[in-house]
Trainee: 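Take a look at this one; I'll ask things after.
Numbers here simply count residues along the sequence, with the first being 1.
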Amino acid sequence: MTHIISKNTQKLAQNVELLAPAGSMEKLITAIHFGANAVYLAGKRYGLRAYADNFDDDEIKQAVAYAHERNVKVYVTLNIFAKNADFADLADYLRVLEKANVDAVLISDIGVFDFVRNNSNLKIHISTQANTTNKHAVKFWHELGAERVVLAREVPLTEINEIAGFCPDVQLETFVHGAMCISMSGRCLMSNYLSNRDANRGECVQACRWQWQVREVGREDYMPVCEDERGTYIFNSKDMNMLAHLPQVLNAGVVSLKVEGRMKSAFYVATVINAYRRALNAIAQDAFDDSLIAELNAELDKASHREYTTGFYFDEEQSRQYYPSSKATETYKFVAVVKKVNADGTITIEQRNKFVLGETLETLSVSADTNKSFTVNFCIDEKGQTVQVCNKVKQILTINCPYGLLAVGDILRKTV
C-alpha cells in the first residue's frame with residue numbers, strides 16, 4: 001500500500017535535518033557518507049558519553065572542517081550536570097569551539113547555559129537531558145536565548161504539534177531511533193549509586209539492563225524481579241524505531257530527526273542513517289509505501305538492536321520493556337569499507353572483521369547496488385598475494401565485486 005503523502009509533507013521531508021551520532025571521526029565520516037545533514041559529537045570534556053572515543057580540541061577543528069566542506073553541520077555536547085570545578089576551564093573550551101566554528105552546543109544545565117550565553121557567541125541547543133516536556137518550558141528556553149530545544153523522549157506527537165504551534169520561532173528536535181533510557185530523559189542515579197559512575201556526567205554503566213533479584217528484609221532467599229513469566233529485565237527498555245511513522249513526525253513540526261548512538265559502531269551508524277535517508281527521500285518523492293517500509297525495517301534489523309517500540313509517541317498501550325535479555329540482537333557483522341572502485345570489476349577494501357575466500361558478502365551502499373550479495377572468489381593483498389583468510393583489521397585487500405555503482409565509503413557486511 002502506498003501512503004498518501006501531501007505536498008507539504010514531501011517538502012518537509014526535503015528540508016528536515018537528519019542528525020547522526022558521531023562518537024569518533026570514523027563514525028562522523030560514515031554518517032555523512034550515508035546521508036546525515038548534521039552530526040553531534042563530544043569533546044574530551046563536558047559531554048555525556050565519557051567512554052566514547054570523542055574528539056580532542058584539534059580533532060574537533062578537523063571534524064568541523066570536514067563536515068562543513070560537505071555542507072553538514074556539527075553540534076558539540078556540553079550537556080553534563082556541572083559541578084563548581086567544571087567552570088574553571090569552560091571559558092577556554094568555549095573559545096576552542098568558537099574558533100573551530102561549531103554550529104551549536106547542546107546544554108542541559110542552567111548554570112552552563114548562563115555561562116555560555118555570557119561568555120561566547122555560540123548558538124545553544126537545549127539537550128534532551130534538560131527534560132523539556134511542555135510548551136511553556138520550550139518558550140522559556142527560547143526567551144533566554146536558545147535556538148533549538150531537543151524534546152524529551154516522553155513527549156507524544158500530539159503534544160509536539162501543540163508545542164510547535166505555541167512556539168513557532170523555536171527549532172524542535174526529537175529522537176526517532178535508538179536506545180531508550182528507563183529514567184525520565186536519562187536523568188538517573190542508579191549507575192552512580194551502584195558503581196560510582198555518574199550517568200549525569202557521561203559515565204553510565206547501564207545498571208538498568210542487568211538481571212535483577214530482590215530480597216525481603218529478614219529473609220535469606222532472593223526473589224526474581226519480574227512482571228510476568230517472560231523475564232526479569234523490567235528496567236531494560238526496548239529501542240525506538242519511528243521509521244514507519246516519519247510522515248507523522250514531520251507533520252508534528254520538528255526540524256531535526258535525531259538518531260541515538262554515539263557509543264554504537266560505525267556499522268550501526270551506516271545502517272540506520274542509510275535507512276532513514278532512503279525513507280526521507282521516498283517521502284519527498286511520494287514513494288513511501290509498505291513494501292519500502294518493510295525493506296527498510298529489515299535493514300534496521302541488521303544493526304545491533306533490542307526489540308523495537310515507538311516509545312511514547314502514540315497513546316497506544318504497548319510494552320516498552322525488553323524482557324528476554326539485556327543483550328542486543330546482532331544478525332550482521334561489519335566486514336569492510338570500500339576504499340576504491342576499480343575499472344576491472346574489483347574493489348579495494350579496508351578489512352574490519354574476518355571473512356574467508358568463498359564466503360558470501362552483502363553490500364550496504366548509498367547507490368542502487370545496496371543490499372546485494374556476492375561470493376568472494378578473488379582476494380589479494382597489496383603485494384598481490386592471494387589471501388584465503390582475511391583476519392587482519394584494517395588490512396588493504398582487493399576482491400572481486402560485480403556491482404559497479406558502489407562508492408568509496410560503502411560497506412560490506414555478512415551474516416553472523
Trainee: Would you call D369 and K372 a salt bridge, taking side-chain N to carboxylate O under 4.0 Å as the test?
Mentor: yes
Trainee: Between Y268 and H305, does the ring centre distance come in under 6.0 Å?
Mentor: no
Trainee: Does any N or O in the side chain of E260 come within less than 3.5 Å of the main-chain N or O of H177, such that one atom is a donor and the other an acceptor?
Mentor: no
Trainee: State, with a plain yes or no, whether a side-chain heavy atom of V272 is found less than 4.5 Å away from one of L300.
Mentor: yes
Trainee: State whether a side-chain donor-acceptor pair under 3.5 Å links N8 with S6.
Mentor: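 Their side chains do not contain a donor-acceptor pair, so the 3.5 Å distance test is not met.
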Trainee: Would you mind checking if R278 and E299 are paired as a salt bridge, meaning a charged N to carboxylate O distance below 4.0 Å?
Mentor: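 Not counted as a salt bridge, because no side-chain N and carboxylate O are separated by less than 4.0 Å.
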Trainee: Would you say that more than 12 heavy atoms from the other residues, nucleotides or ligands in this model lie under 6.0 Å from the NZ of K135, or not?
Mentor: yes
Trainee: Give a yes or no on whether the backbone of V176 and the side-chain of Y276 come within a donor-acceptor separation of less than 3.5 Å.
Mentor: yes
Trainee: Is NZ or CZ of R413 both nearer than 6.0 Å to the six-membered ring centre of F334 and within 45° of the ring axis?
Mentor: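 No, R413 does not sit over the ring of F334.
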Trainee: May I ask you to say whether R352 pairs ionically with E350, meaning some side-chain N is under 4.0 Å from a carboxylate O?
Mentor: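 Salt bridge between R352 and E350, a charged N being under 4.0 Å from a carboxylate O: yes.
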Trainee: Look only at the side chain of T132 and the backbone of V138, and say whether a donor-acceptor pair between them is shorter than 3.5 Å.
Mentor: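 Here the side-chain-to-backbone pair does not exist.
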Trainee: Does any non-hydrogen side-chain atom of K123 lie less than 4.5 Å from one of V105?
Mentor: no
Trainee: Is any side-chain heavy atom of V249 closer than 4.5 Å to a side-chain heavy atom of L157?
Mentor: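 Yes, their side chains come closer than 4.5 Å.
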Trainee: Would you check if there is a donor-acceptor pair between the side chains of S365 and D410 at a distance under 3.5 Å?
Mentor: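 Side chains of D410 and S365: pair found under 3.5 Å.
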Trainee: Can you find a pair of side-chain heavy atoms, one from V150 and one from L106, that are under 4.5 Å apart?
Mentor: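 In contact.
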Trainee: Can a donor-acceptor pair be found between the side chains of N37 and R277 at a distance below 3.5 Å?
Mentor: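 The criterion, which ignores hydrogens and geometry beyond distance, is satisfied for R277 and N37.
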Trainee: Mind checking whether T331 and T329 have side chains closer than 4.5 Å, heavy atoms only?
Mentor: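 Side chain of T331 against side chain of T329, heavy atoms only: contact under 4.5 Å found.
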Trainee: Is it the case that more than 12 heavy atoms not belonging to D344 sit under 6.0 Å from its CG atom?
Mentor: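 Enclosed: over 12 neighbouring heavy atoms sit under 6.0 Å from CG of D344.
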Trainee: May I ask you to decide if I107's main-chain N or O and N79's side chain share a donor-acceptor pair within less than 3.5 Å?
Mentor: no
Trainee: Going by side-chain hydrogen bond (donor to acceptor under 3.5 Å, both in side chains), name the pairs with one or both residues in residues 382-399, residues two or more places apart or in two chains.
Mentor: T348-T398
Trainee: Go through the side-chain N and O atoms of N241 and N297 and say whether any donor and acceptor fall under 3.5 Å apart.
Mentor: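 Yes, N297 and N241 have a side-chain donor paired with an acceptor closer than 3.5 Å.
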Trainee: Do N400 and T346 have side-chain N/O donor and acceptor atoms under 3.5 Å apart?
Mentor: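 No donor-acceptor contact under 3.5 Å links the two side chains.
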Trainee: Should D86 and K83 count as an ion pair when the cut-off is N to O under 4.0 Å?
Mentor: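 Judged by the 4.0 Å cut-off on N to carboxylate O distance, D86 and K83 do not form a salt bridge.
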Trainee: Is there a donor-acceptor contact under 3.5 Å from the side chain of Y403 to the main chain of S373?
Mentor: yes
Trainee: Do we see a donor-acceptor contact under 3.5 Å between the side chains of N134 and K139?
Mentor: no
Trainee: Taking all heavy atoms of I283 and all of A13, pick out the closest pair and write down the distance.
Mentor: CG2-CB, 3.6 Å
Trainee: Treating T370 as the side-chain partner and V366 as the backbone partner, does any N or O pair qualify as donor plus acceptor under 3.5 Å?
Mentor: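 No; zero donor-acceptor contacts below 3.5 Å.
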Trainee: Looking at side-chain heavy atoms only, is the closest gap between V155 and Y313 below 4.5 Å?
Mentor: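 The answer is no; the side chains never approach within 4.5 Å.
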Trainee: Provide the full list of ring-ring contact (aromatic ring centres under 6.0 Å, His included) pairs with a residue in residues 101-135, sequence neighbours left out, each pair given once.
Mentor: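 Applying ring-ring contact (aromatic ring centres under 6.0 Å, His included) to every pair that reaches into residues 101-135, excluding sequence neighbours, yields Y75-H125, F87-F115, F113-W141.
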Trainee: Under a 4.5 Å cut-off applied to non-hydrogen side-chain atoms, are T30 and F267 in contact?
Mentor: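 A side-chain contact under 4.5 Å is absent here.
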Trainee: Spell out, as yes or no, whether a donor-acceptor pair under 3.5 Å connects the side chain of E143 to the backbone of F140.
Mentor: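 Here the side-chain-to-backbone pair does not exist.
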Trainee: Between E17 and S256, is there a side-chain donor-acceptor contact under 3.5 Å, judged purely by atom types and distance?
Mentor: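 Yes, side-chain donor-acceptor contact under 3.5 Å.
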Trainee: Taking the side chain as every heavy atom from C-beta outward, state whether L144 and R117 have any atom pair closer than 4.5 Å.
Mentor: yes
Trainee: I'd like to know if E362 and K414 make a salt bridge, using a cut-off of under 4.0 Å between side-chain N and carboxylate O.
Mentor: no
